[in-house]
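What you see is a predicted model, and the numbers here were worked out from it, not measured in a lab.
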Amino acid sequence: MTSGTVDATQELAAFLRTRRERLDPRDFGLPQRRQSRRTPGLRREEVAELAGVSTDYIVRLEQGRGLRPSPEVLEALARALRLAPDERAYLFDLAQQRPPQIDKAATTADPALAQLVLDLSPRPAMLVNHRYDILAWNPEISALLLDLDTLPPAQRNTMWLCLMHPRMRGFYLHRDQIVREGIADLRAAWAAHPEDQALADLITQFRGEDAEFARMWAMRDVRVNGRGVKVMCHPEVGRVAVRFEVLMPIQDPDQRLVIYRAADADSQAALDRLTAR
């Protein structure tokens, strides 16, 4: 199963191995065995028993030997491995058991959505696609992050800015968490859009140029993060904590509206000072 930029067979094998190895046998009430465990997590035969398949089937899946599991087997594996909803979706994407994506990556903002971003002022807002390309923005998000109007189009990407732009290296108070969550979201997009060569090229660039990204990408975490809190260290107004919300329009699901709101009174005052400037 090789589709576009994703070698789905090998990625499925690696994903199943890493999910199996992270599990604690004690959480499953499995009997203690006399033979010590040489590797972390559950044994293949234990996963096979939990999923109702043969051990040989699990071995062949983890060796990437060209199997294409049915939806029923995938569901059983998801339960056995206790996958989170985003991980389950990723598993089904790798096995190509979801309806194929018919939408193409958005490269320009829909005019109505671009106007909506401006209408959200004074709340900082922007429009991004599944690659994290920034398609539209308002003055408040530029004041908070960077002057996006002055950046070349290739650099208007939130992941690129976080990893590569010198000013952004120390911008987030909890940088490791921000990068890890971004990579987990990007991995889900990578599996859902296997034909997107531009996304594959971007990931290759990040893996080759940033050791932090390469290390976290290899962890194979998968999580679509649609809301949360980010704490920023702004060079002009100091600490700013924001709550963010990501909304996906039904008509244009690849154009994601990202809205920031102050998380506390001091952060609101800081945003107000930025707006006044």
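To the nearest 0.5 Å, atom CD of residue Glu140 and atom CG of residue Leu145 are 11.5 Å apart.
Listed by first and then second residue, the salt bridge (Lys or Arg N to Asp or Glu O under 4.0 Å) pairs involving residues 54-63 are Arg20-Glu62, Arg44-Glu62, Asp56-Arg60 (not counting sequence neighbours). Each ring-ring contact (aromatic ring centres under 6.0 Å, His included) pair with one or both residues in residues 60-90, not counting sequence neighbours, appears once here: Phe15-Tyr90. Annotation: salt bridge (Lys or Arg N to Asp or Glu O under 4.0 Å) contacts involving residues 122-131, sequence neighbours excluded, comprise Arg131-Asp133, Arg131-Asp196. Each ring-ring contact (aromatic ring centres under 6.0 Å, His included) pair with one or both residues in residues 196-221, not counting sequence neighbours, appears once here: Trp190-Trp217, Phe206-Phe213, Phe213-Trp217.
Around the CZ atom of Arg207, the shell of radius 6.0 Å holds no more than 12 heavy atoms that belong to other residues, nucleotides or ligands.
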Walk me through it: do Gln197 and Asp201 pass the test side-chain hydrogen bond (donor to acceptor under 3.5 Å, both in side chains)? CA-CA 6 Å; Gln197 187 62 50; Asp201 292 343; 2.8 Å; yes
Contacts under 3.5 angstrom, residues 232-246 side chains, donor-acceptor by atom type, not counting sequence neighbours:
unit_1 : atom_1 : unit_2 : atom_2 : d
His234 : ND1    : Glu236 : N      : 3.0
His234 : NE2    : Ala143 : O      : 2.9
His234 : NE2    : Leu144 : O      : 3.4
Glu236 : OE1    : Arg277 : NH1    : 2.5
Arg239 : NH1    : Asp264 : OD2    : 3.3
Glu245 : OE1    : Arg227 : NE     : 3.2
Glu245 : OE2    : Arg227 : NE     : 3.1
Glu245 : OE2    : Arg227 : NH2    : 2.6

Output side-chain donor-acceptor pairs under 3.5 Å for residues 76-86, partner residues at least two apart or in another chain, one line each.
unit_1 : atom_1 : unit_2 : atom_2 : d
Arg82  : NH2    : Asp27  : O      : 3.3
Asp86  : OD2    : Val224 : N      : 2.7

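Looking at heavy atoms from C-beta onward, Leu120 lies in side-chain contact with Leu257 at the 4.5 angstrom threshold.
With respect to Arg187 and Glu11, a salt bridge is recorded, a charged nitrogen being found less than 4.0 Å from a carboxylate O.
Linking Ile, Leu, Val, Met, Phe, Trp and Tyr whenever their side-chain heavy atoms come within less than 4.5 Å leaves Tyr260 and Leu135 in two separate clusters. Both Phe171 and Met159 belong to a common hydrophobic cluster when Ile, Leu, Val, Met, Phe, Trp and Tyr are linked at side-chain heavy-atom distances under 4.5 angstrom.
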